[in-house]
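Some notes on the structure that comes next.
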Amino acid sequence: MPRKKNPAPFTTEEAADLFARLAQDRPEPKTELDYTSPFTLVVAVALSAQATDVGVNKATKGLFAAADTPEKMVALGEDAIRDHIKTIGLFRNKAKNVFALSQKIIDEYGGEVPASREALETLPGVGRKTANVVMNEAFGEPTIAVDTHIFRVSNRTGLAPGKTPFEVEQKLEAITPPEFLKGAHHWLILHGRYVCKARKPDCPNCPIADLCRYEDKTVG
DNA sequence: ATCCCGAGGG
DNA sequence: CCCTCTGGAT
C-alpha cells in the first residue's frame, strides 16, 4: 500500500471537486441504519460500533418492535436487550449501555434525547463519533463524524491526513466547502464502504481517482 | 494500550 | 485461516 512520500495537500478547489463528484453519485445523504426517532437512532448508532449496518438493522428490527422509547427499553430490561442483539459483536457491553443510556435519558433529560454533542457524550456507550452522527442525522448539524471508513479514506486519499480521528475531523471541517459540510460524513462513508474499501479498494471504478494521492490504483 | 466480540467476506 | 465492520470505556 505505497503512498507518495510527500503528497501535495488538497487545495480547496480539489476538495470542492471531490465532494461534487461524490454528491453526484449519491444525491441524498442519509444513514443506512434503520430508525424512526432520535432515540432509536442513538441506540442504532451505539450498536453500530465495530459492526455492519446490515447486522445492526437485523438486530434492531426485533429490538425496536419490543421497545422504541427509553421507557419501554428500561422496562424490557438488560437481559432481554442482550437477547435481541446477540448476533452483533460486543453485545454484552452494548446491552448494558443501551439499558443505562435509556435510564439516563429518562432520569436526566426528561425522556428526550438531548440535542447537543456535549450532553450526548455523557450517555454510556456514546462517544464523540456517535454524538456527531446523531447531531447530524437527527438535529441537522453539519458535523463530520470520523469513523473507521472516513479515517481510512481521509488518510489514503490525502484529503485530510491525520493520526487521530479528531485531527482528521478538524482537517475535514477546514477543507470541506460549506455547501457540502452537512453531507460530507455520509458521502465519505459510502465511498469508503463501496469503493475505497479497506482491504481491496476499487480504484478502477473510483470517481475521484485522478484527485487521489494513493499510489497504487490497480491492486489492493 | 487493551478489552469487548459475532457475522460475513476472501 | 485472517481481516473488517459507522467505537467506547478503562
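Reminder, nothing fancy here: chain letters follow the sequence lines and each chain counts from 1. The basis for the numbers below is simple: all heavy atoms, side chains too, and nothing from hydrogens, waters or symmetry mates.
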How many Å lie between CD1 on A/Ile85 and P on B/dC4, as a whole number? 16 Å

If you measure from the Lys or Arg side-chain nitrogens to the Asp or Glu carboxylate oxygens, is any gap between A/Arg193 and A/Glu32 under 4.0 Å? yes

Between B/dA7 and C/dA9 - P atom distance, rounded Å: 24 Å

Could you run through nucleotides 5-10 of chain C and give me one letter per nucleotide, 5' to 3': B if any protein heavy atom sits under 4.0 Å from the base, S if only the sugar-phosphate is that close, - if neither? BBBSS-

Atom P, compared across B/dT2 and C/dT6: separation rounded to whole Å: 25 Å

Using a strict threshold of under 4.0 Å (side-chain N to carboxylate O), is an ion pair present between A/Glu14 and A/Arg213? yes

Between the side chains of A/Arg128 and A/Glu169, is the shortest nitrogen-to-carboxylate-oxygen separation below 4.0 Å, so that they form an ion pair? yes

Describe the nucleic acid contact of A/Lys86 in one word from base, sugar-phosphate, nothing, applying a heavy-atom distance below 4.0 Å. sugar-phosphate

Presence of donor-acceptor pair under 3.5 Å, side chain of A/Arg199 and base of C/dC3: yes

Roughly how many Å apart are C/dG8 and B/dG8, using the P atom of each and rounding to a whole number? 24 Å

Please give, in whole Å, the distance from B/dG6 C1' to A/Ile88 CD1? 9 Å

Sequence neighbours left out, what passes salt bridge (Lys or Arg N to Asp or Glu O under 4.0 Å) with A/Arg92? Give chain and number order. none

Output a table of donor-acceptor pairs, distance under 3.5 Å, between side-chain atoms of residues 58-65 of chain A and any protein atom two or more places apart or on a different chain; print 'none' if there are none.
from	atom 1	to	atom 2	distance (Å)
A/Thr60	OG1	A/Val56	O	3.1
A/Thr60	OG1	A/Asn57	O	3.3

Charged N to carboxylate O under 4.0 angstrom, A/Arg82 versus A/Asp79? yes

